[in-house]
Protein chains: 2
Amino acid sequence: MSISTELPSTHNHSNCINAALTMATQLCVERGVQLTSIRQQVLELIWTNHHAVKAYDLLERIKPLQSAAKPATIYRALDFLMAQGFIHRVESLNAFIGCCDLKTAHEQLLLICKQCKNVEERHADVVMQALVQELQNANFIAHSKAIEIQGICENCSQTLNTEIPA
Amino acid sequence: MSISTELPSTHNHSNCINAALTMATQLCVERGVQLTSIRQQVLELIWTNHHAVKAYDLLERIKPLQSAAKPATIYRALDFLMAQGFIHRVESLNAFIGCCDLKTAHEQLLLICKQCKNVEERHADVVMQALVQELQNANFIAHSKAIEIQGICENCSQTLNTEIPA
DNA sequence: AATTGATATGTTATATTGTAACAAATTAAC
DNA sequence: GTTAATTTGTTACAATATAACATATCAATT
Ligand SMILES: [Zn+2]
Ligand SMILES: [Zn+2]
Ligand SMILES: [Zn+2]
Ligand SMILES: [Zn+2]
């Protein structure tokens, strides 16, 4: 049985990368903060694909570019990128993904595929509305929300379903 | 300014402890699994209060009872208790809490108070319904769901609000 | 009661993830 | 250019988690 580990062929990932880097560059100018080369390299490495990336994997990957890189190098860059909203932390994986929507502040619903490892970020406005109501009912003042679903994505389940037993 | 770190006085926590241990004992018998003394001790330690507990804190706390305890001792007990649904892992804290409803399988919405550290588990049926619909829209097959909200709980915000500036 | 298989625990070592603290370098503002 | 703020380098370590294998306990079967 073959296993899909890719996004649909309709997906042009260079668009994702370009959009993320362009927006990040622009937002940093607007905000008067510095997208230094280390920070940009980490952001690019995170955008290699739609997988969540671990900090120490980033460290290995950035070493050819930044031979002096240490854990703090990566964690500082990640802190910056999170503070700017360019990436999200995936709590249930201790890993990080690029944010797909830099234009609007938003809460994230993350769909984490156990098979292909892709993480999809969805707005899920209806869910968020219900959640806001529930938090009001509980008189709970939310500072941050993490909604993470693990399972099998559409692409992977289709690939499995169309698989013909030999 | 005083800071509340307690639950409302209406809360009788010994009820929580008794219910959790009684149900766990009963369910282990029904399921033919063993609630060994280590596992029961870990469960009791988790139920000390409604805070999320870290694995290495549990390790320190169990050592007077189990002098040979090592990390594996704790993590094995935690694995068992999670598999039985007696506790939940709080992904955003790398910590663990006792489950408040052992009778029915359920997804958890966790409200994590940054101030008093209490974690409240709510069923939030409306949110879960909306989430199920969203997952259907996405054709995503969910295996597990983690919804974790960090902020300030009702009790803490009331305590702050009623505080009179000197 | 001894044998056996399954489950649970003991033990050592190590892997993984994340921070603290301070020095040096770079950048921005004046 | 000098100063102040920010960023990076560097060392050391803290915190979280698992692998691997030995030993012990338990439960059922001879
Ligand atoms: Zn893409
Ligand atoms: Zn997938
Ligand atoms: Zn209680
Ligand atoms: Zn609170």
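Every chain is numbered from 1 and lettered A, B, ... according to where its sequence line falls, protein lines coming before strand lines. Since this is a predicted model, take the numbers as computed values, not measurements.
Among residues at least two apart or in separate chains, there is no salt bridge (Lys or Arg N to Asp or Glu O under 4.0 Å) pair with a member in residues 26-41 of chain A. Within the structure, salt bridge (Lys or Arg N to Asp or Glu O under 4.0 Å) contacts touching residues 108-124 of chain B (residues at least two apart or in different chains) are E134(A)-R122(B), E120(B)-R122(B). For residues 6-41 of chain A, the ring-ring contact (aromatic ring centres under 6.0 Å, His included) pairs, not counting sequence neighbours, are H11(A)-H13(A), H11(A)-H50(A), H13(A)-H50(A).
Atom CG of L35(B) and atom C1' of dT25(D) are 16 Å apart (whole Å). Remark: C1' of dT25(D) and CZ of R39(B) are 12 Å apart, rounded to the nearest angstrom. The nearest whole Å value for the distance from the CD1 atom in I38(B) to the P atom in dT23(D) is 18 Å. Nucleotide dA17(D) holds its C1' atom 11 Å from the CE atom of M82(B), rounded to whole Å.
Atom CD1 in I97(A) sits 4.5 Å away from atom CG in L110(A) (nearest 0.5 Å). Between the NZ atom in K145(A) and the CG atom in L109(B) there is a gap of 11.0 Å [rounded to 0.5 Å].
Hydrophobic clustering (ILVMFWY, side-chain heavy atoms < 4.5 Å, transitive): L27(B) and M82(B) are in one cluster.
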Contacts table for residues 67-74 of chain A: side-chain donor-acceptor under 3.5 angstrom, sequence neighbours left out:
from, atom 1, to, atom 2, distance (Å)
K70(A), NZ, A68(A), O, 3.3
T73(A), OG1, K70(A), N, 2.8
T73(A), OG1, K70(A), O, 3.1

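The span of DNA chain C lying next to chain A, judged by atoms under 4.0 Å from heavy atoms, is bounded 5' to 3' by dT17(C) to dT27(C).
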So which protein nitrogen or oxygen atoms get under 3.5 Å of nucleotides 10-16 of chain D's nitrogens or oxygens?
from, atom 1, to, atom 2, distance (Å)
dT16(D), OP1, K54(B), NZ, 2.6

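A donor-acceptor contact shorter than 3.5 Å links the side chain of T48(A) to the backbone of L45(A).
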